[in-house]
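Notes to accompany the following structure.
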Amino acid sequence: MTGLQKNGARVIALSGGVGGAKLALGLTHSLKPDQLMVVVNTGDDFEHLGLTICPDLDTLLYTLAGVANPQQGWGLRGESWAVLDQLRRLGGEDWFQLGDLDIATHLLRGQWLREGLSLSQVTARLGERFGLSCRIVPMSDDPVRTMVRCETGELGFQEYFVRERCAPRVSGFRFAGVETARPQADWMRALADPALEAVLICPSNPFVSVGPMLALPGVREQLARSAAPVVAVSPIVGGQALKGPAAKMMEELGLAATALGVARHYQGVIDALAIDSQDADQAPAIEALGIRALVTGTVMKTLPDRIRLGQELLDFSRQLRAASPRPRGLSGVSGTE
């Protein structure tokens with residue numbers, strides 16, 4: 001592949017946390033550093049104990065830097081918990097796991113934000129400090145907060161996900177602030193670049209990881225105008241979410257927790273969906289929606305799995321682009337469910 005347009009990228013990956021980070025890491029082995037832009041959900045961000053915490057950004061940061069905890073996929077390797085233990089003794093809120101090393105990231109982020117840096121500038125600076133080879137950017141420099149509508153009332157996403165452990169029944173979502181938030185500028189410039197080869201939607205939760213990104217004003221329209229095919233990876237394999245509450249949410253919203261259900265949710269946004277081999281029988285129904293199906297192994301247990309899937313997605317996207325995929329409509333995923 002040839003070089004970049006200024007502020008552009010050959011491939012854009014839209015990512016949530018752990019699942020998206022796995023694919024992003026695989027893509028870094030097939031693309032040069034300036035050819036990949038990873039756009040990260042910030043709807044999960046929240047303020048806690050005076051800190052601005054960006055869980056998905058930090059998961060990408062730590063994973064791509066090679067310092068993430070390999071057992072849990074988030075947080076830092078070699079973490080300790082002295083501050084959290086002391087907080088618990090003093091009667092503070094201890095439901096959100098903040099490790100001693102991780103707190104340093106949040107302290108610096110907060111300091112730089114107070115000094116007037118944008119979240120994009122802060123993320124770039126952290127990326128440099130951690131030695132990242134590719135670029136990660138927040139979906140927006142403006143705050144957007146995912147609110148989960150539950151039987152018990154509305155909860156902030158981290159309250160639902162961590163404190164309540166996804167137990168309340170879900171009835172929908174609201175992305176507070178999304179109406180006035182602006183998509184990250186370099187992301188929008190990269191989407192408009194005619195040399196863009198692919199937009200990949202990582203195997204992240206369609207509702208609370210990808211949903212906030214697609215709800216930002218103008219994003220779906222820009223995706224529809226893009227010269228690049230939009231290819232998603234189903235986070236549902238064999239009727240189960242590989243990680244997180246996506247399958248539970250789909251069932252509670254009255255949707256089929258299947259790869260086909262994911263395809264229907266993304267209809268009008270994507271050109272193709274990668275599904276796992278064990279869901280191959282759903283490929284004809286997915287293609288009947290006007291969405292191409294790539295049947296492959298999507299479960300990424302090892303680094304070779306991540307590299308192989310990333311390369312397959314790149315090859316498939318180039319085939320779609322060469323075949324001039326049909327224009328996408330603007331129906332499909334909405335900002336609220």
- [ ] Going by the side-chain hydrogen bond (donor to acceptor under 3.5 Å, both in side chains) test, name the single residue among Thr52, Thr123, Asp58 that passes it with Arg109.
- [x] Asp58
- [ ] Answer yes or no: is there a donor N or O on one side and an acceptor on the other, between the side chain of Ser234 and the main chain of Ala274, under 3.5 Å?
- [x] no
Open item on the list: Assess whether a salt bridge exists between Asp186 and Arg135, defined as any Lys/Arg side-chain N lying under 4.0 Å from an Asp/Glu carboxylate O.
Closed with: yes
Task: Connected hydrophobic set around Leu90, excluding itself, where side chains approach under 4.5 Å - done: none
Open item on the list: Count I, L, V, M, F, W, Y as connected when their side-chain heavy atoms are under 4.5 Å apart, and connections chain through other members. Are Met250 and Leu289 then in the same cluster?
Closed with: yes
- [ ] Output yes when a side-chain donor or acceptor of Asp141 lies under 3.5 Å from a complementary backbone atom of Ser118, and no otherwise.
- [x] no
Open item on the list: Show, in sequence, the C-alpha distance, side-chain angles and deciding distance for Arg89 and Gln86, and conclude whether the side-chain hydrogen bond (donor to acceptor under 3.5 Å, both in side chains) test is met.
Closed with: CA-CA 5 Å; Arg89 293 187 195 102; Gln86 180 67 2; 2.9 Å; yes
- [ ] Over all heavy atoms of both residues, which pair between Val162 and Trp95 is shortest? Give the atoms and the distance, please.
- [x] CG1-O, 3.2 Å
Open item on the list: Does Thr105 form a side-chain hydrogen bond (donor to acceptor under 3.5 Å, both in side chains) with Asp102? I'd like the steps, not just the answer.
Closed with: CA-CA 5 Å; Thr105 301; Asp102 190 33; 4.5 Å; no
TODO: Look at Glu312 together with Arg308 and state whether they make a salt bridge at an N to O cut-off of under 4.0 Å.
DONE: yes
TODO: Give the minimum heavy-atom separation between Pro229 and Asp271, together with the two atoms involved.
DONE: CA-OD2, 3.2 Å
- [ ] Apply the test side-chain hydrogen bond (donor to acceptor under 3.5 Å, both in side chains) to residues Gln72 and Trp74: give CA-CA distance (whole Å), side-chain angles for both, the deciding distance (0.1 Å), then the verdict.
- [x] CA-CA 6 Å; Gln72 57 195 25; Trp74 54 268; 4.6 Å; no
Open item on the list: For Ile286 and Arg292: C-alpha separation, side-chain torsions, deciding distance, then whether side-chain contact (heavy atoms from CB on, under 4.5 Å) applies.
Closed with: CA-CA 7 Å; Ile286 290 170; Arg292 290 284 304 277; over 6 Å; no
TODO: Following the transitive rule for hydrophobic clusters with a side-chain heavy-atom cut-off under 4.5 Å over Ile, Leu, Val, Met, Phe, Trp and Tyr, establish whether Leu36 and Met300 coincide in one cluster.
DONE: yes
- [ ] Side-chain contact test, heavy atoms from C-beta onward, threshold under 4.5 Å: evaluate it for Pro55 versus Gln158 and give yes or no.
- [x] yes
Open item on the list: If you take the centroid of each ring, where Trp contributes its six-membered ring, are Phe157 and Phe173 closer together than 6.0 Å?
Closed with: no
Open item on the list: My understanding is that only residues two or more places apart in sequence, or in another chain, count here; which of them pass side chain to side chain contact (heavy atoms under 4.5 Å, CB included) with Asp315?
Closed with: Gln311, Arg318
Task: Asp279 side chain vs Gly238 backbone, donor-acceptor pair below 3.5 Å - done: yes
Task: Least distance between heavy atoms, Ile236 atom then Ala246 atom - done: CD1-CB, 4.1 Å
Open item on the list: Would the distance check show the side chain of Thr42 and the main-chain N or O of Asp45 forming a donor-acceptor pair, the cut-off being under 3.5 Å?
Closed with: no
Task: Within one Ile-Leu-Val-Met-Phe-Trp-Tyr cluster: Leu126 and Val38, side-chain cutoff 4.5 Å - done: yes
Open item on the list: Using only atom types and a distance under 3.5 Å, with no angle test, would you say the side chain of Glu252 pairs donor to acceptor with the backbone of Met249?
Closed with: no
Open item on the list: My understanding is that only residues two or more places apart in sequence, or in another chain, count here; which of them pass side chain to side chain donor-acceptor pair (under 3.5 Å) with Arg145?
Closed with: Glu47
Task: Arg264-Gln267 side chain donor-acceptor pair, cut-off 3.5 Å - done: no
Task: Verdict with supporting geometry, Val269 and Arg220, side-chain contact (heavy atoms from CB on, under 4.5 Å) - done: CA-CA 7 Å; Val269 175; Arg220 286 188 293 149; 4.2 Å; yes
TODO: Starting from the C-alpha separation in whole Å, work towards a yes-or-no answer on side-chain hydrogen bond (donor to acceptor under 3.5 Å, both in side chains) for Thr146 and Tyr160.
DONE: CA-CA 10 Å; Thr146 295; Tyr160 165 81; over 6 Å; no
- [ ] For Ala272 and Phe316, work out which heavy atoms get closest and say how close.
- [x] CB-CE2, 3.5 Å
Open item on the list: A quick test of your reading: do over 12 heavy atoms of other residues, nucleotides or ligands sit less than 6.0 Å from CZ of Arg88?
Closed with: yes
Task: Intermediate values then yes/no, side-chain contact (heavy atoms from CB on, under 4.5 Å), Leu314 and Leu31 - done: CA-CA 9 Å; Leu314 294 174; Leu31 297 165; 4.0 Å; yes
TODO: Could you tell me whether the side chain of Lys243 and the main chain of Gly19 form a donor-acceptor pair under 3.5 Å?
DONE: no
- [ ] Determine, stepwise, if the pair Val122 / Leu113 fulfils side-chain contact (heavy atoms from CB on, under 4.5 Å).
- [x] CA-CA 7 Å; Val122 169; Leu113 288 172; 3.9 Å; yes
